[in-house]
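Worksheet: the structure to be examined is printed underneath.
Values below: all heavy atoms of this structure, side chains included; hydrogens, waters and symmetry mates excluded. In the text below, chain A, chain B and the rest are named by the order of the sequence lines, each starting its count at 1.
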Amino acid sequence: MTSKEKKKLEKLGKLRHSMAHVMAGAVLKMMPEAKFAIGPSIENGFYYDFDLPRKLTNEDLDKIEEGMKEIIKESVPFEREVLSRAEALEMFRDQPYKVELINDLPEGEEISIFKMGDIFCDLCRGPHVEDTSRLNAQGFKLLSIAGAYWRGDEKRPMLQRIYATAFGDGKALKAHLEFLEEMEKRDHRRVGKEQDLFSLHEEAGPGLVYWHPKGARIRVTIEDFWRKQHYKNGYEMVFTPHVGKSWLWETSGHLDFYKEGMYPKMVMDNVDYYAKPMNCPFHIMIYNNGKHSYRELPFRWAELGTVYRYERSGTLHGLLRVRGFTQDDAHLICTPDQMQSEISEVLRFSLFMLRSFGFKDISAYLSTMPEKSVGEKNRWDAATDSLRKAIEDEGLEYKVDEGGGAFYGPKIDLKVKDTMGREWQLSTIQFDFNLPDRFDMTFVDSDGVEKRPYVIHRALLGSIERFFGVLIENYGGAFPVWLSPVQVKVIPVGNKFDSYAKEVEKALRQAEILVEGDYSDDRMNAKIRNAQNKKIPYMLVVGEKEMNDKAVSIRVRTGEQTNAVPLDEAITLIQDKIARKEMP
RNA sequence: GCCAAAAUAGCUCAGGGGUAGAGCAACGCUCUCGUAAAGCGUAGGUCGUGGGUUCAAUUCCCACUUUUGGCUCCA
């Protein structure tokens, strides 16, 4: 970010934060009993949390918005004052949340308040605009009412939060509202319905995904590519069961530390079984099936492993947060000597995969040893160093989350930015110092001594379901040709040309192109419209001329049109686009 | 899980204490069509589930289920 951009953001932040005070003022006017929590500026806007005598309705939002516009019109000044702790506590004695905030301020910290005329006064660090006339009455919009726990803690009171978006002027606001509309259009749940890709069924189990034929085609494309690349990169595939006896989960520690994330037990013949929330114990079972020499290592075992986890009911969301999903999992089992090269390789591989799917803007997050952890410090240090070196060698931008690692090992997470500028965490590469001990994994080293191997978990796409959701939103349903579930729609201009269209269809299918013909009695215009709406990359329109010349008319979903293309040329062109993973 | 809102035809949605409505999709018929919607017709619903109030509930009330927006952004 340039310093100019930073300044602009700071200015917007000041504006939004001031706007939050204006909103609080309007709410106070409406409900004098209101208790105020916090009201920061956030990305694209601001919010304020209130404890109110009654529930807010959407009509209230309109009234509050009106109230805010009035305050803005009145050019109310913002004035800063510095108070002693005692004065501040006295001033906010009727505001329990503010009192808590004041009491939590560290000793010696300056306590300041901002007065907005006699309308509203808030404990606040600032800064603010000089007066409310600096705010734009056309530049904001209250968006939604939401519940939010005081300080994000579910044991504390639930407050009412009003979210708003705000910009310097009406034009920027309009642009942002249009952006939100565009997001709605790209929503994977909406596109999933429009293109008949997948469904979820409350009566059959929430958070469990059904892949329809079109969605399954995309999934198969993803998986085929994934398997091929894994074999090319020295991995082996494994398949493991979906359930395991409690012994397995006791040994792994999941029943001690992860039980609330697991589906409850099934009992068969008086024995407890659990659906797997992770694949790792199964892969370790394969490893422990025999004795291993250092000469065999490293093992790279991959599995598209479907796992089941309990996600809190309120957090389920389309494909992005589900209860049953398929991890593109793998475990690297290696000697200490091999660790660095394995990490570097898997990071490189990960970047290759993400880029293959069109994600170019990738950043890394390195999470280091937390306070509570297992495993020897020197192993943590070596592992963390290898992760850091791998990131730096790739020249990736990265942030360090000190102490943010899991208790069993440090990790790298990769985040991609999609075409709409949103970040998604996809890949994760994670050391495990817990399971090798628990399962007593060993290899015989060159000196004949049994030693502990390093175990690294990794998922490149994360989960197939979630990745699919991200892909849909990234492309807004207009996939590159290789991922499109229908790459070509053959459209005869009239039923007279159905037989030639079928010939074309057959030729394309022989060329391994995903093709469908439209033999409905719709008019050609309607057929084109239907194909456009499904975002099918190529429409091959055929009629008399094409039939006579063994040709097709190519209409790309962008609207481009090329007439009289010989059929074999059209096939080559489409095959080429598929091979290059390009847009049509 | 918690707060709020929602659930009506396959989809998008309207309606409202007294026989349930539209558009699109589906199906049938007519038209045989040249680059983003031909015309006519037919069928389609225990109004999410269970309970209550009422002469009468899809509508009002309660519970449940599911979905949606939130629950990290620090005065």
Side-chain angles (χ1 to χ4, degrees), chain A residues 13 16-17 20-21 24 36-49 51-52 55-58 60 88 92 95 97-105 109-114 121-126 143-163 184 187 189-190 193-194 196 199-207 260 310-318 489 491-498 520-534 539-546 553-557 559-563:
Chain A
R16 286 168 178 156
H17 190 182
H21 282 229
F36 298 86
I38 57 169
S41 72
I42 53 174
E43 204 182 349
N44 301 319
F46 61 91
Y47 70 76
Y48 212 115
D49 286 345
D51 191 349
L52 302 174
K55 287 166 193 168
L56 286 170
T57 63
N58 283 326
D60 290 328
F92 290 103
Q95 292 288 343
Y97 303 102
K98 298 294 175 192
V99 167
E100 185 176 328
L101 291 171
I102 294 166
N103 284 330
D104 283 358
L105 285 174
E109 175 125 346
E110 197 175 67
I111 298 177
S112 62
I113 58 163
F114 271 82
C121 173
D122 204 356
L123 178 71
C124 186
R125 180 196 294 146
L143 292 178
S144 60
I145 307 161
Y149 297 105
W150 169 232
R151 297 195 146 180
D153 182 345
E154 57 188 273
K155 291 188 189 67
R156 314 210 55 186
M158 175 69 73
L159 307 170
Q160 299 194 71
R161 173 175 297 180
I162 301 178
Y163 277 100
E184 244 173 74
D187 189 308
R189 293 165 298 181
R190 176 169 166 164
K193 257 183 205 168
E194 283 167 356
D196 196 15
S199 58
L200 296 129
H201 301 271
E202 62 161 285
E203 65 276 32
E260 70 289 350
Y310 175 75
E311 295 286 349
R312 294 154 119 219
S313 54
T315 61
L316 298 177
H317 180 88
K489 193 77 151 183
I491 298 178
V493 299
N495 288 9
K496 244 192 283 178
F497 311 105
D498 280 5
S520 67
D521 57 2
D522 279 334
R523 274 151 205 273
M524 181 208 60
N525 281 321
K527 292 179 184 177
I528 286 174
R529 187 182 143 87
N530 289 339
Q532 285 283 161
N533 286 340
K534 291 257 158 82
M539 284 149 270
L540 300 190
V541 179
V542 297
E544 179 127 37
K545 280 176 277 175
E546 289 78 10
S553 164
I554 303 179
R555 183 193 162 103
V556 187
R557 69 171 169 225
E560 263 174 88
Q561 190 184 329
T562 320
N563 292 326

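For A:Arg529, whose side chain is taken as the heavy atoms from C-beta onward, the closest listed nucleotide among B:A36, B:U12, B:G34 is B:A36. Here the nucleotide nearest the side chain of A:Glu544, chosen from B:G1, B:C73, B:G34, is B:G34. Here the nucleotide nearest the side chain of A:Lys496, chosen from B:U68, B:C73, B:U32, is B:U32. Counting only heavy atoms from C-beta on, A:Tyr163 has its side chain closest to B:G70 among B:G34, B:U66, B:G70. Minimum atom distance to the side chain of A:Tyr149 is reached by B:G1, of the listed B:A36, B:C74, B:G1. If you check B:A36, B:G1, B:U67 against the side chain of A:Asn533, the one that comes closest is B:A36. Comparing B:U35, B:G34, B:C3 by their closest approach to the side chain of A:Met158 singles out B:C3. Closest to the side chain of A:Pro206, from the set B:A37, B:U66, B:C71, is B:U66. Checking B:U68, B:G70, B:C31 against every side-chain atom of A:Asp521, the shortest atom distance belongs to B:C31. Listed nucleotides: B:C31, B:G69, B:G34. Nearest to the side chain of A:Lys545: B:G34.
Note on A:Thr315: a base of the nucleic acid sits closer than 4.0 angstrom, heavy atoms only. Residue contacts shown for A:Asn495 include a base, since a base heavy atom lies under 4.0 Å away. A:Gly318 comes within contact range of the sugar-phosphate backbone alone, with a heavy-atom separation under 4.0 Å but no base atom that close. Residue A:Arg189 is classed as a sugar-phosphate contact, given heavy-atom separations below 4.0 Å to backbone atoms only. Here A:Glu546 lies in heavy-atom contact (under 4.0 Å) with a base. Across all strands, A:Glu110 comes closer than 4.0 Å to base atoms (heavy-atom distances). If you check every strand for non-hydrogen atoms under 4.0 Å, A:Glu109 touches a base. No contact: A:Ile102 has no heavy atom under 4.0 Å from any strand. The residue A:Asn563 sits close to a base: some heavy atom pair falls under 4.0 Å. As judged by a 4.0 angstrom heavy-atom cut-off over every strand, A:Tyr48 is placed among residues making no nucleic acid contact. Within 4.0 Å (heavy atoms only), A:Gly314 reaches at least one base atom of the nucleic acid. The residue A:Lys527 sits apart from the nucleic acid: no heavy atom pair falls under 4.0 Å.
The shortest side-chain heavy-atom distance between A:Tyr47 and A:Ile38 falls under the 4.5 Å cut-off. Side-chain contact between A:Glu194 and A:Asn533: absent, with no pair of heavy atoms (C-beta onward) separated by less than 4.5 Å. Side-chain contact check for A:Lys489 versus A:Lys534: every heavy-atom pair is 4.5 Å or farther apart. For the pair A:Asp51 and A:Trp150, the minimum side-chain heavy-atom distance is 4.5 Å or more.
Ion pairing of A:Glu100 with A:Arg156 is present here, as a side-chain N (NZ or NE/NH1/NH2) and a carboxylate O approach within less than 4.0 Å. Electrostatic pairing of A:Asp522 and A:Lys527 does not count as a salt bridge here, judged by no charged N lying under 4.0 Å from a carboxylate O. Using a 4.0 Å cut-off between charged side-chain N and carboxylate O, A:Asp187 and A:Arg189 make a salt bridge. Contact check on A:Lys98 versus A:Asp122 returns a salt bridge, with a Lys/Arg side-chain nitrogen under 4.0 Å from an Asp/Glu carboxylate oxygen.
The CD1 atom of A:Ile38 sits 10 Å away from the C1' atom of B:U72 (whole-angstrom rounding). Whole-Å rounding puts the A:Asp49 CG to B:A4 C1' distance at 14 Å. Put simply, CG on A:Asn58 is 8 Å from C1' on B:A5, counting in whole angstrom units.
Within 6.0 Å of CD in A:Glu560 there are 12 or fewer heavy atoms belonging to other residues, nucleotides or ligands.
Applying the 4.0 Å criterion to OP1 and OP2 of B:A36, one finds that A:Arg555 has a side-chain N or O inside that range. A close approach under 4.0 Å does not occur between any side-chain nitrogen or oxygen of A:Arg523 and OP1 or OP2 of B:U30. One finds no side-chain N or O of A:Ser553 lying less than 4.0 angstrom from the OP1 or OP2 phosphate oxygen of B:U35. For A:Lys193 and B:U12, the shortest distance from a side-chain N or O to OP1 or OP2 is below 4.0 Å. The shortest distance between the side-chain N/O atoms of A:His17 and the OP1/OP2 oxygens of B:C74 is not below 4.0 Å.
In this model, no side-chain donor or acceptor of A:Gln160 finds a partner on the base of B:G70 within 3.5 Å. No donor-acceptor contact under 3.5 Å links the side chain of A:Arg557 to the base of B:A36.
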| field | Dot-bracket encoding of pairs in RNA chain B, which uses [ ] for pseudoknotted crossings and | for another strand, Watson-Crick or G-U under 3.5 angstrom | value | (((((((..((((....[..)))).(((((.......))))).....(((((..]....))))))))))))....
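Checking A:Ile528 against A:Pro40, the closest nucleotide of RNA chain B that is more toward the 5' end is the one next to A:Ile528. Residues A:Asp122 and A:Ala526 both approach RNA chain B. Their nearest nucleotides, taken by heavy-atom distance, put A:Ala526 toward the 5′ side.
A:Gln532 and A:Asn530 share no donor-acceptor pair across their side chains, judged by distance under 3.5 Å alone.
Only the P atoms considered, B:U53 is 46 Å distant from B:G41, to the nearest whole Å.
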